Amino acid sequence: LEMTVGDPGAGLEIIQNLAARHPGDPELAEQLKAAKFRWRLTLLPQAVQQVAARPDLDKADFAVLLYWLVPNVRYARPTSGKIATDVLDHPRREEIVRVVNLGLMEVDPTLHRFSPGAPVRRGAGLRILVRLLGQAGQPVSCLGDGGAAACDVAARCHLIEGAEGCQAQSPLSGAEAVEWIRRSLDLLGAS
């Protein structure tokens with residue numbers, strides 16, 4: 001509770017103390033990893049923290065979280081030069097252009113529009129994270145052969161709790177996106 005609504009530093013300290021008293025508890029170890037990730041989020045710019053707290057994300061918001069929370073996104077060199085005409089004056093242009101040119105998020109090929117204000121649904125967010133895992137350059141065994149639906153792959157990779165946890169058409173919140181990104185980074189060994 002302290003991590004989500006109070007002082008993340010105090011919450012991290014509480015979980016660290018609990019984990020130290022119970023070193024063999026895998027649930028506490030997982031909570032400690034999550035707490036450390038949430039605490040690192042507090043070190044990012046205020047605008048990023050505000051995005052992470054939103055109840056419903058739009059495409060620009062999700063691009064911001066990917067850019068700031070995934071080191072391979074922020075520091076990678078894009079291999080393509082796709083142009084989205086509707087983000088040229090957008091305040092989050094840099095983050096959007098980076099995730100688009102890394103192939104994580106798409107631009108409409110005929111209209112060359114990203115639609116930054118369009119809502120991100122849970123299924124679309126999971127597809128993007130599965131794409132991120134697939135582009136990692138290292139094998140992620142839970143991905144399988146690439147023929148399964150994103151919700152099934154996300155459940156197999158423990159991004160969500162079972163395929164029924166997908167709720168593909170439901171809105172994606174900032175808190176859910178942050179947790180899914182954290183779990184993705186765990187799979188990549190980069191959190």
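Being a predicted model, the structure only gives us computed values, none of them experimental. Any value given below was found using the heavy atoms of this structure, including those in side chains, with hydrogens, waters and symmetry copies removed. Residue indices begin at 1 and follow the sequence shown.
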Rounded to the nearest 0.5 Å, how far apart are [atom1] of [X] and [atom2] of [Y]?
X      : Y      : atom1 : atom2 : answer
Trp180 : Cys157 : CH2   : SG    : 13.0 Å
Cys142 : Asp152 : SG    : CG    : 12.5 Å
Arg93  : Arg98  : CZ    : CZ    : 12.5 Å
Leu185 : Leu69  : CG    : CG    : 7.5 Å
Ser173 : Arg54  : OG    : CZ    : 12.5 Å
Glu94  : Tyr67  : CD    : OH    : 3.5 Å

Check: Leu65 and Leu57 side chains under 4.5 Å, non-hydrogen atoms: yes
Side-chain touch Asp108/Ser115, heavy atoms, less than 4.5 angstrom: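 Of all side-chain heavy-atom pairs linking Ser115 with Asp108, none is under 4.5 Å.
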Note: Arg183-Glu179 ion pair, threshold 4.0 Å (strictly below): yes
Ion pair check, Asp186 and Arg182, cut-off under 4.0 Å: yes
Specify the closest pair of heavy atoms between [X] and [Y], including all atoms of both residues, with the distance to one decimal.
X      : Y      : result
Leu66  : Met105 : CD1-SD, 4.2 Å
Ala60  : Phe114 : N-CE2, 4.1 Å
Arg38  : Val178 : NH1-CG1, 3.5 Å
Val99  : Ala63  : CG2-CB, 3.6 Å
Ile181 : Phe37  : CG2-CZ, 4.3 Å
Leu102 : Ala76  : CD2-CB, 3.8 Å

Steps toward side chain to side chain contact (heavy atoms under 4.5 Å, CB included) verdict (Asp56, Asp61): CA-CA 9 Å; Asp56 299 321; Asp61 294 335; over 6 Å; no
Output side-chain donor-acceptor pairs under 3.5 Å for residues 119-137, partner residues at least two apart or in another chain, one line each.
from, atom 1, to, atom 2, distance (Å)
Arg122, NE, Cys166, O, 2.7
Arg122, NH1, Glu176, OE1, 3.3
Arg122, NH1, Glu176, OE2, 2.4
Arg122, NH2, Gly165, O, 2.4
Arg131, NH1, Leu104, O, 2.5
Arg131, NH2, Glu106, OE2, 3.4

Arg74: partners by side chain to side chain donor-acceptor pair (under 3.5 Å), with sequence neighbours left out: none
Under 3.5 Å: donor-acceptor pair, side chain of Thr85, backbone of Arg113: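 A pair under 3.5 Å: no.
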Which residues share a side-chain contact (heavy atoms from CB on, under 4.5 Å) with Gln50, sequence neighbours left out: Gln46
